[in-house]
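To start, the structure itself, in structure tokens.
All chains are named by letter (A, B, ...) in the order of the sequence lines, taking the proteins before the strands, and each is independently numbered beginning at 1.
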2 protein chains.
Amino acid sequence: MRKRPIPEATVARLPVYLRSLLALAEERRTLTVSSEELAGMAGVNAAKVRKDLSYLGSYGTRGVGYDVEYLLYQITRELGLTQDLHAAIVGVGNLGRALASFKGFAERGFRIAALFDVDETVIGTEVAGLTVRDLDELKEFAAEEPLAIGIIATPADGAQEVAERLIDAGVKSILTFASSVVKVPPDIVVRKVDLSIELQILSFYQQRREAISSAREANRVLEGELPGAAGLRTGAAEHAASFDERRAGTLHSDRR
Amino acid sequence: MRKRPIPEATVARLPVYLRSLLALAEERRTLTVSSEELAGMAGVNAAKVRKDLSYLGSYGTRGVGYDVEYLLYQITRELGLTQDLHAAIVGVGNLGRALASFKGFAERGFRIAALFDVDETVIGTEVAGLTVRDLDELKEFAAEEPLAIGIIATPADGAQEVAERLIDAGVKSILTFASSVVKVPPDIVVRKVDLSIELQILSFYQQRREAISSAREANRVLEGELPGAAGLRTGAAEHAASFDERRAGTLHSDRR
DNA sequence: CCGGGCTTGTGACTCTATTCACAAGCGACC
DNA sequence: GGTCGCTTGTGAATAGAGTCACAAGCCCGG
């Protein structure tokens, strides 16, 4: 276990622990927290919490737990949240606007430093206290006020070009909401949030569930209950059973 | 490989393939597509495409590729997108509004059937062509017009209660944007999109990158290059050096 | 109807992540 | 100062995902 390479999956959970710890720190009831308790708050299992935290170092005390304040500080530091990072949003449509006004960013030390768009009817207007700039000004803006993060909230077809412009302006971290694949050089980190994909994933499991319940129905029919519904949607039965058995209560978020 | 349990990771990629296939189908240039080509469009590797598709069945033709239309249909069916699913958005703030107007949902057959909120100043107003309803009406609404999916776009503190109400109204699939852990019974599927967590993850890798490059700089200084820069950023260099030492060797290998 | 070129489907391997289970270690109380 | 209860930290086991590499199989041209 000795030192570093913090697994990607762990990195994705650190912010969740961070939020839980902040909640604990606020209600100053507890100075210390056990992995069990933290796991409960974060919605994961306790062994995972311990393993995750162990990648940061040995910050707990056996028999006692983790010092809330200290752990808070360590996670904050590890996530690089001690410095305020500046971000720019490109694409000031509905989503871009919502993101610009989103309070959650500032709470974690992210500052939306500028908004950009290409639409002349939008450029110059004020959104969430910022004047929307022309995307062409991106590079010079970034030269003055370095941008750590670029947020792409444009339609799919503009996303690749925007990404390239951001990279050209020195941005190394990109969060894209565009429903298109954005290709970048290996030293650039991209994260993608695709709302319609999320729904499609839900749809898959929803459909599965329906297949299962109608399979159950079919089974009941076979067993002599529910005599009316015979014949509907057979064939799903076996498939359903294995599903049910395999993944009773799982599912997370990921992406990763 | 025989039949089913489609891995979660595969499910998450199917919508990406779907989008690529739709693009191919539109420009009616190709009736068939190779895993290689599809992989290029989807931004993944070809073996993964083949393995993913093989979970659906043997829909390709060796020496030829996959029939675009047929594959399109199979993925659509597997994702349950043949039926239009109805969704409700709870929480009509900035984000809720943006989601309500988001075109991407309809494109994949999702219909935003209703908007709910608890804020009386919002209830009754019209957003994206829908009248915002009182959250108290959720259950009766769902009784009339079954909702497959609930989208939570409320502040964190309301999310758990909203989730419970959705479940009580018969919703089995939930997409939450609230930055809080939502706990649900095992038969409910929840997906969570947390914007501020995404930025925190980017921050982590950003910070790591900075640590690496300043470590490189420190090394160059030690080796006698860059004599001019001595003294600058000492704090960072020192931190970087110890960082470097602790994880020597891993720095370069774990680049993605 | 045979051979060559291409592309799938998949076993085998590797890597990452999760879970288990327990020894090590801390604090409190006698 | 010893022992008891509790909680961490982590090896070992397991599960899941990604990658490799190649045999199987299809199409086409001769």
**Message:** Rounding to an integer number of Å, can you tell me how far B/Leu71 CG sits from C/dT7 C1'?
**Reply:** 14 Å
**Prompt:** Given C/dT10, D/dC26, D/dT19, which nucleotide is nearest the side-chain atoms of B/Thr61?
**Reply:** D/dC26
**Message:** Any carboxylate oxygen within less than 4.0 angstrom of a Lys/Arg side-chain nitrogen, looking at A/Asp194 and B/Arg19?
**Reply:** yes
**Request:** Using atom OH of B/Tyr66 as one end and atom P of C/dC6 as the other, report the distance to the nearest whole Å.
**Result:** 18 Å
**Request:** Could you check if a side-chain atom of B/Leu195 sits within less than 4.5 angstrom of a side-chain atom of A/Phe102, using non-hydrogen atoms only?
**Result:** yes
**Request:** Kindly say if A/Lys48 contacts the phosphate of C/dT19, meaning a side-chain N or O under 4.0 Å from OP1 or OP2.
**Result:** yes
**Complete:** Residue pairs meeting side-chain hydrogen bond (donor to acceptor under 3.5 Å, both in side chains), one or both in residues 174-184 of chain A, sequence neighbours left out, come to none
**Prompt:** Is atom CD of A/Glu37 surrounded by more than 12 heavy atoms (other residues, nucleotides or ligands) closer than 6.0 Å?
**Reply:** yes
**Request:** Taking only the side-chain heavy atoms of A/Pro7 (C-beta and beyond), determine which of C/dA17, C/dG27, C/dG9 contains the nearest atom.
**Result:** C/dA17
**Asked** To the nearest Å, how far apart are A/Tyr59 OH and D/dT10 P?
**Response** 12 Å
**Message:** Is the phosphate of C/dG9 approached by B/Ser58 (side-chain N or O, under 4.0 Å from OP1 or OP2)?
**Reply:** yes
**Spacing of B/Leu38 atom CG relative to C/dG9 atom C1', expressed in whole Å** = 15 Å
**Asked** When the distance from CG of B/Asp52 to C1' of D/dG16 is rounded to whole Å, what number comes out?
**Response** 13 Å
**Request:** Enumerate the residue pairs fulfilling side-chain hydrogen bond (donor to acceptor under 3.5 Å, both in side chains) with a member in residues 67-76 of chain A, sequence neighbours excluded, ordered by first and then second residue.
**Result:** A/Tyr59-A/Gln74, A/Tyr70-A/Gln74, A/Gln74-A/Arg77
**Message:** Please check if the number of heavy atoms outside A/Glu27 that lie under 6.0 Å from its CD is greater than 12.
**Reply:** yes
**Prompt:** Starting at CD of A/Glu36 and ending at P of D/dT8, how long is that distance when rounded to a whole Å?
**Reply:** 8 Å
**Message:** Using whole Å, what does the distance between atom C1' of nucleotide C/dC15 and atom CD of A/Glu8 come to?
**Reply:** 13 Å
**Prompt:** Does B/Glu107 come within less than 4.0 Å of B/Lys103, counting only side-chain N to carboxylate O?
**Reply:** no
Please write out the pairs of protein N or O atoms and N or O atoms of nucleotides 20-23 of chain C separated by less than 3.5 Å, giving the distance to one decimal.
| from | atom 1 | to | atom 2 | distance (Å) |
| --- | --- | --- | --- | --- |
| C/dA21 | N6 | A/Arg50 | NH2 | 3.4 |

**Prompt:** C/dT7 C1' sits how many Å from B/Leu53 CG, rounded?
**Reply:** 13 Å
**Prompt:** Would you say C/dT8 has OP1 or OP2 under 4.0 Å from some side-chain N or O of B/Ser35?
**Reply:** yes
